[in-house]
4 protein chains.
Amino acid sequence: MNLPLKGIIPPMITPLTENGELDTEGLKRLVEHLISGGVHGIFLLGTNGEGPSLTYALRKELISKACKLINGRVPVLVGITDTSFEGSLDIANHSKDEGADAVVVAPPYYFPISQEEMIEYLENLIPASPLPVMMYNMPSCTKMHLSIETVKKAKELGAIGIKDSSGDVFYLYSLIDAFKKSPEFSIIAGTELYLPETIIYGGHGAVTGGANFFPKLFVDLYNASLTNDKVAIIELRDKVLKLYNTIYNVGNNVSRYTKGTKSALYAMGICEDYMALPLCRFNDEGRDKIKNYVEEFKEISVV
Amino acid sequence: MNLPLKGIIPPMITPLTENGELDTEGLKRLVEHLISGGVHGIFLLGTNGEGPSLTYALRKELISKACKLINGRVPVLVGITDTSFEGSLDIANHSKDEGADAVVVAPPYYFPISQEEMIEYLENLIPASPLPVMMYNMPSCTKMHLSIETVKKAKELGAIGIKDSSGDVFYLYSLIDAFKKSPEFSIIAGTELYLPETIIYGGHGAVTGGANFFPKLFVDLYNASLTNDKVAIIELRDKVLKLYNTIYNVGNNVSRYTKGTKSALYAMGICEDYMALPLCRFNDEGRDKIKNYVEEFKEISVV
Amino acid sequence: MNLPLKGIIPPMITPLTENGELDTEGLKRLVEHLISGGVHGIFLLGTNGEGPSLTYALRKELISKACKLINGRVPVLVGITDTSFEGSLDIANHSKDEGADAVVVAPPYYFPISQEEMIEYLENLIPASPLPVMMYNMPSCTKMHLSIETVKKAKELGAIGIKDSSGDVFYLYSLIDAFKKSPEFSIIAGTELYLPETIIYGGHGAVTGGANFFPKLFVDLYNASLTNDKVAIIELRDKVLKLYNTIYNVGNNVSRYTKGTKSALYAMGICEDYMALPLCRFNDEGRDKIKNYVEEFKEISVV
Amino acid sequence: MNLPLKGIIPPMITPLTENGELDTEGLKRLVEHLISGGVHGIFLLGTNGEGPSLTYALRKELISKACKLINGRVPVLVGITDTSFEGSLDIANHSKDEGADAVVVAPPYYFPISQEEMIEYLENLIPASPLPVMMYNMPSCTKMHLSIETVKKAKELGAIGIKDSSGDVFYLYSLIDAFKKSPEFSIIAGTELYLPETIIYGGHGAVTGGANFFPKLFVDLYNASLTNDKVAIIELRDKVLKLYNTIYNVGNNVSRYTKGTKSALYAMGICEDYMALPLCRFNDEGRDKIKNYVEEFKEISVV
């Protein structure tokens, strides 16, 4: 894996069947959909991947099967975020065994912890990880906003980059600024709308949930951002913005992003839309809305 | 187990050795310390028990050993809160097999979910649980404040009570008011300072972290509250209030309550003070402070 | 004025006419209603008094007329909270001239300020005030939760007490504990439901919005709390709790407490229910609800 | 005044003397500094202008003198945000009389109000204002985040634009998107770092506090953004980003932005740095830091 990690790295959803097992056929189609869409890496078991909701057995099965299907065509990152330190390492070791390239870790998310406690945690985790570690800032789920100082400390310990899903653009820009003399350290936007800004100001890529269903849209926007093609940037990010008013806007729950993502893939015939509790797939009304929204995007040549 | 569950039910810490295994000798002493202190039940694997930080194997070992040691002398409640639905049921089934009396569940704590999603979760969980379910409101860790409506729905589904650790007294009083016509439904204070008010206004007990080290203090305060003995209430709750300025006040981290609890037990010679990551025991300075604080409480006849 | 200030001190609403002038006849009736209800003081121009929404001219007119009507029968406190330091002093001086007994000050509420900045503000304000100053903790409106240290500093500068409307019972208890060796420093609950606890644990009184319409209910609860009459306390505080489900529960806006208070007074024929922008009185549906709720309280002998 | 309002519109600080009067000589120098820096408008009595801390008399004096000094060379906007509706209108009328071009209004900031209550407020205010009204979203001070729907309603009532100081870039982009078919409605960034993004995606300008001391920096960045000159944008916004680590980074208080702004102007010899309570100017240590920071900017040719 070349550093810094760059480009569009979808946080892949985990296709599930009605009885909570892996939707193996859906997984095959999804992996091909992503790779043929031009993505630069695949991130398993993140928030969109419902990692924390899955048993270790299912997580491991997914890692094994996805690594085999991806087969080295793009780097594979695996989320190991867990409230159990041993659980995180267990998944990291399995990832290594199955050929993944890196692991991604957000703060353990039950106890509210301080930056100092997080650093102590990383001092234990990063050296023990068999794979390079990417940091993951996700305060809406973990209750902790990684400070720039904590990220610097993580880098000293060996971390290879950070994915920021805080939605706080000032923080994202500050990260880019703080690490501008470390070109091998990846700054990855976790909020898809901020992809162009991230690239223009010196960041490296984006982990965009929407790249699950529209990978090419995000790859094209990434490329337009690299060349600062203003006309293309505006046209493409308007399509991204449209996601927030359509596929990401069914119902009022915070989970609508993840639910909408899985539902769009279902509408496109790629995989099932079952989810692991505490999330549930949309009801028929929601699924119909998503289906219609996907059609709207077809009309503007996104699909 | 008689309903409503009543009295002082310590959220037992999980004694650990340096290498992260169960401190079996400490566990024996701790169980005897609690029961000889007069507690009315024991709650395993809650927040103070560091449940979410432990592997399933360790959680199960603790349940088995604690149930054997307690041996029916008081009811045993087991925390099954988990981000994996299957993981929660797995612990619930093991608890049933080992002779526990009830399980305790807070919202799954990774995804921010709505009240509606929580109800859907309970509709799946409560009927599937082999043991009676007590609800656990713990918004500082789970990001979700269970609405009174959600608790009512949980009761309809079979829940036997709620432990409220929100610190929101208005909510606690509203719970007592909402269920005053359901005398078998337990309203349990999770904030130890509010024990007298809870009992006086019609609640049933308290899950008090401090009862790990000073069980008799809380049992006495419970009894004084039952008889509305104002002099005793004021004297005893002043000692409880003193905890907040001493044993619970070492360092600035939110985790100081759990750390201080384990450290006080260590100072009293009951068990080790090792913790599971992401928490770490106090350094020597912190441990000395706790030791001195414990001495202060001896001087006012608490220990 | 005897210190510590004690008892029930309603935060009097400001009766207004349709065109935004003072409802002078309503004011007369309201003052007599309060005093005949047995209140121990009257607090003008607080949050319920809509102080910050009123012009200086109107505030001064209210102070002059209310002081004249009250005529020394109970102490008069006047809210001088303002974003303009000179504005606060202007109202304080007018209050002194008209015979008020003390002024009440919450943090200036536009800029988010630190505890240090608040202390600097008080170092300027308290010595310059012509009347004794009572502190007012009202974070939901001022964005600032006065720390115990800041209140201690205010006391050193001459403050005579604090009214706490944070709703944070742990803070309220901590205040009582922090000042228990200063018996002349008043700890006044601003959340009416916590009146009994405040008195039992050593506080001095309550500024209760509901005492605008049901002054005797709160005076009775205060007296029952003084004598620790458990039966009476439970009966009376259940009636107070009922307020939260009735008169304080019309609509979803935070302003429903103030609106409901004015509307209840209107329903009881005491004064008009017009409000100063940005608040507006209830529409007919809301007014009818309030009217019916007031009737319910008549049936349980509150009015 | 041509609509939409465009370009760099500094939220002018209010120069004060030690005794709290207007620093008239400083005001003259400041106005010339801004206009010679190329600004496209001047906004009086906003947050940086400490509007809410000043007496009405002082606010009016500032308006009169500033309008006279500016003398039509650029449009003048005046902040009328106030907790008193009559107070807001009073300042609006004076602004009209003195020749200002528009007024700016944020929500009244004492009571926490709902979007519905805000709309009701605007239904009263906008028709009554003698000057065109610009909306001002400033949730950190007003506790209210104007919804897109509320802004749409304000536009229907006659508002001419919105300045967004929420720091929420998603909201800012959503505003641009929501009003893209209303080219005369100004979308103005209130967070200076987001000036280029605002212009590139179709917004109109920025109210940048830093333009008080470095007006040309922001005017240059605005022009570079208009022409999408990537090299210049990156160079200039790096200088803007540097502000956050220097002039805006003295002390920990939220007020450090406003204090740093006034202190930089003092260091540049333009006006006094006294502030209205509850804010205080920096002590000598802070002033020295600011002075050194200003020197650093001279070295990179900003001043």
**Asked** Counting only heavy atoms not in A:Lys96, do more than 12 fall under 6.0 Å of its NZ?
**Response** no

**Residue among A:Pro108, A:Gly20, A:Ala106 with most heavy-atom pairs under 4.5 Å to chain B** = A:Pro108

**Message:** Hydrogens and angles aside, do A:Tyr110 and B:Thr81 bring a side-chain donor and acceptor to less than 3.5 Å of each other?
**Reply:** no

**Prompt:** Going by heavy atoms in the side chains, are B:Pro278 and A:Met118 under 4.5 Å from each other?
**Reply:** no

**Asked** Counting heavy atoms not belonging to A:Asn252, are there more than 12 under 6.0 Å from its CG?
**Response** no

**Request:** Verify the neighbour count for atom OH of A:Tyr293: are there more than 12 heavy atoms of other residues, nucleotides or ligands below 6.0 Å?
**Result:** yes

**Asked** Going through the distances and angles, do B:Asp82 and A:Thr83 end up as a side-chain contact (heavy atoms from CB on, under 4.5 Å)?
**Response** CA-CA 9 Å; B:Asp82 206 292; A:Thr83 54; over 6 Å; no

**Request:** Flag the pair B:Ser53 / A:Phe111 as yes when at least one side-chain heavy-atom distance between them is below 4.5 Å, and no otherwise.
**Result:** yes

**Request:** Identify the two heavy atoms, one from A:Pro112 and one from B:Ser140, that lie closest to each other, and give their separation to 0.1 Å.
**Result:** CG-O, 3.4 Å

**Message:** Tell me which of these, A:Cys280, A:Ala276, A:Gly87, has more heavy-atom pairs under 4.5 Å with chain B than the rest.
**Reply:** A:Cys280

**Prompt:** Side chain, backbone, both or neither: which part of B:Leu54 has a heavy atom under 4.5 Å from chain A?
**Reply:** backbone

**Request:** Sort out for me which of B:Tyr56, B:Phe85, B:Tyr109, B:Tyr121 touches chain A most, counting heavy-atom pairs under 4.5 Å.
**Result:** B:Tyr109

**Side-chain heavy atoms of A:Thr55 within contact of B:Asp90, under 4.5 Å** = no

**Complete:** One option among B:Asn253, B:Leu125, B:Thr258, B:Val254 has the most heavy-atom pairs under 4.5 Å with chain A, and it is B:Asn253

**Prompt:** From B:Lys259 NZ over to A:Glu117 CD, what is the distance, rounded to the nearest 0.5 angstrom?
**Reply:** 3.5 Å

**Message:** Looking at B:Lys143 and A:Cys141, would you say the former's side chain and the latter's main chain have a donor-acceptor pair under 3.5 Å?
**Reply:** yes

**Request:** Return yes when atom OH of A:Tyr266 has more than 12 non-hydrogen atoms of other residues, nucleotides or ligands closer than 6.0 Å, and no otherwise.
**Result:** no

